[in-house]
Protein chains: 4
Amino acid sequence: MTTTLRADAARNRERVLATARAVAAEGDLSLPLNEIARRAGVGVGTVYRHFPTRRALLEALAADAFATLLDQARAATRGDDPWDGVELLLRAFLRGQLDDPALAEVLSTSAEEDAIAQTTAGREELGALAAIVLARATRAGRLRPGLTLDDLQHLVCGTAFAARLADAPDRRVELYLTVLLAGLRAPDPTGAARPAD
Amino acid sequence: MTTTLRADAARNRERVLATARAVAAEGDLSLPLNEIARRAGVGVGTVYRHFPTRRALLEALAADAFATLLDQARAATRGDDPWDGVELLLRAFLRGQLDDPALAEVLSTSAEEDAIAQTTAGREELGALAAIVLARATRAGRLRPGLTLDDLQHLVCGTAFAARLADAPDRRVELYLTVLLAGLRAPDPTGAARPAD
Amino acid sequence: MTTTLRADAARNRERVLATARAVAAEGDLSLPLNEIARRAGVGVGTVYRHFPTRRALLEALAADAFATLLDQARAATRGDDPWDGVELLLRAFLRGQLDDPALAEVLSTSAEEDAIAQTTAGREELGALAAIVLARATRAGRLRPGLTLDDLQHLVCGTAFAARLADAPDRRVELYLTVLLAGLRAPDPTGAARPAD
Amino acid sequence: MTTTLRADAARNRERVLATARAVAAEGDLSLPLNEIARRAGVGVGTVYRHFPTRRALLEALAADAFATLLDQARAATRGDDPWDGVELLLRAFLRGQLDDPALAEVLSTSAEEDAIAQTTAGREELGALAAIVLARATRAGRLRPGLTLDDLQHLVCGTAFAARLADAPDRRVELYLTVLLAGLRAPDPTGAARPAD
DNA sequence: CATGAATGAGCTTTCATTCAT
DNA sequence: AATGAATGAAAGCTCATTCAT
């Protein structure tokens, strides 16, 4: 029952979010609320009204990127080829995290930390979509056996972490994604070439 | 260069390290120096004398695990099979990080952050050893083209990160390592089986 | 003088008072206006319109108990026995304060603090009634010499304070009241028994 | 095992206490630690080191007056006349609270609130001494039956409260004390004169 | 060298009060 | 009138770091 925000409240909320985004972009994800209030030119109280905790602000920051990710995840369930789905999904996951460090942090923590129901809801939908993609790939025998939904999630977060370690993450993502996908793919059962591997 | 410490100084140093290790083991890597001093039963000043910064303490904490890793990296350069070398190296990397969170943090940062020369030296030796392993695997055509030494480093740190996200990291490492290795391996050049991938 | 309130305004006023009473009953007499507004389901502004200060709200809260006390004080002036009047008056004072902490606070402060004319008026009437009771008891030689109206007021507030310190105030009031009355009573002039006291 | 404070530490502690005393004397017993630090010219941290909570500071403030009270309570157990003991004890109680508002607050709260062991210890010794005085007076049939140690404590705190309500507490204490003592004294058993009271 | 007291910046949090809607 | 968002002053508290002893 989210009633529409009053005009000025919405304006302030946006201002705080924008400031927080700027602060986060500078590499500081600790999001000190009073500092943000100062830079946004609003009272501390205002920040606390909109975002009672650092985590609530973090999730609000990540919300857009999360929505985009969900869109792409939905798309990933719709293609014909099961493996394409996996690839689309993981690329979306990866890009989302690189484009928005807040999303990276949200995805790297569990639902128990969630401050906002919307986040948990998104998390659940994302899980459901990923489960579909996973199931199709598994059924098609394309996915390495033994991998759970959680494993996928962890590995894609790890890959985002890896990319962030690079000097130019953007120029490394595709390669790292390729590595990840190759690693996830079911090993060649006929494997005559390299039996010992 | 390293003058031998007075007996009591050495004892204090060890006490601080042990306490820090205990604190880190409890999951708190922020290493609050005051708290550590208190728990170690020494003055804060003593902690600062031995470890001027949090980072210096972190590297001291990681030193043992780092040495072990170097040993294993040396071993990895000595085997017959180029790919075995890669596997040994990455497994050592991974285990080292899981067994010692301090090492994980050290390996996930760059030499510029180093507070202690020994760390940088270790880093360089590790790089040299990894370069050997990498070169052999590359020469044997076993490694996916385009991967640099840094990429390996990032990916293995990312994999450690992924494992730490799991509820029971230790039960997931081998699987994640398998995924990583499979992803790093050069793709089958004859690739008749799955043309579209 | 008091213009009749619009129906909704009156409803809001009552709602705020009821909430404040509930909050006070929970033992928190600080009456945080924001909190009360929230719990009453009205805006803070509404609370401020009806009760410009915390004190105004406090006095409004105490008003009923104050009126009851006035009734009993009037009755105390009407009996035959002068001492009965004192007893009735003080018991009413005491009970009123224990039953309503807001009244206790109002009675323990002076008219200068009053935010509402009605409170000051009540205070004055109460003073006049008590003066009557006091005068009759004094004239009958039943009251310890030297006690002023203010002294009575202070002592009865102090006795209420004493009762509130007890674990079960209600089970201690009568005893404490007995002590107070015995203390206020004029000492036996024939006092042959214990001359030195 | 209170080791002697370092000279500068002791100086600071005293400075904080003095400032707190000044603040309390101005009538503000809320003892805001920040404000006190500022006025004392020391860092907040210093205040917190010496007095972790407002309550700890309050008890430290009250300590001297508490010690004096204990001295007088000891004296009250030593006299010949049981009733003199009661009088000495209650006068000491009363004067202590009026002279030091911090002591008044400490005595009006229970041991559960105590932040400092010394306070609880003092409280216990005071209780023991009062028990002696009470027992002697009771045995001598001088004390009104039914009164417990706690009742005495509550009533004397209430009387201090009453005195504080007066414009010139110091000029009212003796009278209020007389009232209290008269109230506590066992009623005349031969009481033929005023049967109904 | 060791100690630990002192410092003070920085963050969180709460509320009374104002004021735009 | 009513609403409730915004404000910002006050505290509270924690810690990294310095420095007198």
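Protein chains get the first letters and strands the later ones, always in sequence-line order, with residue 1 at the start of each.
If you check F/dT3, E/dC1, F/dT7 against the side chain of A/Thr46, the one that comes closest is F/dT7.
In this structure, the separation between CZ on A/Arg38 and OG1 on A/Thr19 is 10.5 Å, given to the nearest 0.5 Å. The distance from the CG atom of B/Leu107 to the OG1 atom of B/Thr109 is 7.5 Å, given to the nearest 0.5 Å. Here the CG atom belonging to D/Leu33 is positioned 6.0 Å from the CG atom belonging to D/Leu57, to the nearest 0.5 angstrom. Between atom CG of residue B/Asn12 and atom CG of residue B/Leu17 there is a gap of 11.0 Å, rounded to the nearest 0.5 Å.
Pairs of Watson-Crick or G-U wobble type, with distances under 3.5 Å, assemble into runs of 3 or more in DNA chain F at these ranges: E:2-21 with F:2-21.
Taking a 4.0 Å limit (strictly below) on heavy-atom distances, residues 54-63 of chain A does not reach DNA chain E anywhere. Taking every heavy atom of residues 18-38 of chain B and every atom of DNA chain E, no pair lies under 4.0 Å.
With hydrogens and angles ignored, the 3.5 Å screen pairs no side-chain donor or acceptor of D/Thr46 with any backbone N or O of D/Val42. One N or O on the side chain of B/Ser108 and one on the backbone of B/Ala104 form a donor-acceptor pair closer than 3.5 Å. Without hydrogens or angle criteria, D/Arg21 side chain to D/Leu61 main chain gives a donor-acceptor distance under 3.5 Å.
Whole-Å rounding puts the B/Phe51 CZ to F/dA16 C1' distance at 17 Å. Rounded to a whole Å, the CZ atom of C/Arg13 is 12 Å from the P atom of F/dA2. The CZ-P distance, from A/Arg49 to E/dT14, rounds to 13 Å in whole Å.
Scanning all heavy atoms of the two residues, the minimum distance from C/Ala60 to C/Arg13 falls at CB-NH2, 4.2 Å.
At least one side-chain nitrogen or oxygen of A/His50 sits closer than 4.0 Å to the OP1 or OP2 atom of F/dA6.
Qualifying ring-ring contact (aromatic ring centres under 6.0 Å, His included) partners for D/Phe161, counting only residues two or more places apart in sequence or in other chains: C/Phe161.
Taking the nucleotide of DNA chain F with the nearest heavy atom to each of C/Asn12 and B/Pro52, the more 5' of the two is matched to C/Asn12. Remark on DNA chain F: of its neighbouring residues C/Val47 and A/Val47, the 5'-side contact belongs to C/Val47, judged by nearest-heavy-atom nucleotide.
Residue D/Glu35 qualifies as enclosed at atom CD: its count of foreign heavy atoms under 6.0 Å is above 12. The 12-atom threshold is not exceeded at CD of A/Gln118, counting heavy atoms of other residues, nucleotides or ligands nearer than 6.0 Å.
Each salt bridge (Lys or Arg N to Asp or Glu O under 4.0 Å) pair with one or both residues in residues 41-56 of chain A, not counting sequence neighbours, appears once here: A/Arg54-A/Glu105, A/Arg55-A/Glu59, A/Arg55-A/Asp114.
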Apply salt bridge (Lys or Arg N to Asp or Glu O under 4.0 Å) to residues B/Arg39 and B/Glu26 and explain how you reach the verdict.
CA-CA 13 Å; B/Arg39 286 177 50 167; B/Glu26 288 165 16; 3.0 Å; yes
Report each atom pair, protein N/O against N/O of nucleotides 18-21 of chain F, whose distance is under 3.5 angstrom.
none

